[in-house]
Amino acid sequence: MRVIAKKILREFWEKHNDCEQQLKAWFQETSKAKWKNSNRIKLEFPTASIIGDNRIVFNIKGNTYRLIVKINFDYQMVWIRFIGTHAEYDKINAKTI
C-alpha cells in the first residue's frame with residue numbers, strides 16, 4: 001500500500017512524541033501490506049473499525065489517538081484523512097472527513 005502522506009504522521013508525532021513509535025510501526029506495516037479488502041485489515045489490526053466508504057479507524061497507543069484513513073484497494077493507496085486525540089475524534093464526523 002502506498003500511504004499518502006507520511007508527513008502528516010511525522011508532524012503529529014513531533015507534537016505528540018508519545019506515539020512516535022506506534023505511528024512508525026503502523027506506517028511500516030501498512031506500506032508493506034497488499035490488502036484487497038477491509039477484512040484483510042482486520043486480520044492484521046483487529047481493533048481497527050471499518051466505518052464505510054473504504055474508511056478505517058485505527059486506534060493508536062491504546063486508543064489515546066485515532067487515525068482515519070481512506071483506502072483505494074484497486075490502486076493500493078491509503079490517504080490519511082485525520083489523526084488526533086480521542087477527544088478531537090469525538091468532535092468530527094469520521095464518515096465524511
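Linking ILVMFWY side-chain heavy atoms closer than 4.5 Å, directly or via other members, places Ile68 and Leu9 in two distinct hydrophobic clusters. Residues Ile80 and Phe73 share a single hydrophobic cluster, defined by chaining ILVMFWY side chains whose heavy atoms lie under 4.5 Å apart. Under the 4.5 Å side-chain heavy-atom criterion for ILVMFWY residues, a single connected hydrophobic cluster contains both Phe45 and Phe27.
Residue Asn39 comes nearest to Asn37 through the heavy atom pair N-OD1, 3.0 Å, listed as atom of the first residue, atom of the second, then distance. In plain terms, the two heavy atoms of Met1 and Val78 that are nearest each other are CE-CG2, 3.6 Å.
Of the possible donor and acceptor atoms, none in the side chain of Glu20 sits under 3.5 Å from a partner among the backbone N and O of Asn17. The closest donor-acceptor contact from the side chain of Lys42 to the backbone of Ala48 lies under 3.5 Å. Side-chain atoms of Arg81 come within 3.5 Å of backbone atoms of Ile97 as a donor-acceptor pair (strictly under, hydrogens ignored). No donor-acceptor pair under 3.5 Å is formed between the side chain of Glu29 and the backbone N or O of Trp26.
Counting only residues at least two apart or in different chains, ring-ring contact (aromatic ring centres under 6.0 Å, His included) contacts with residues 75-97 are absent.
Contact check for Thr30 versus Trp35: side-chain heavy atoms found under the 4.5 Å cut-off.
For the pairing with Trp13, the side-chain contact (heavy atoms from CB on, under 4.5 Å) check across Lys24, Gln21, Gln22 returns one residue only, Lys24.
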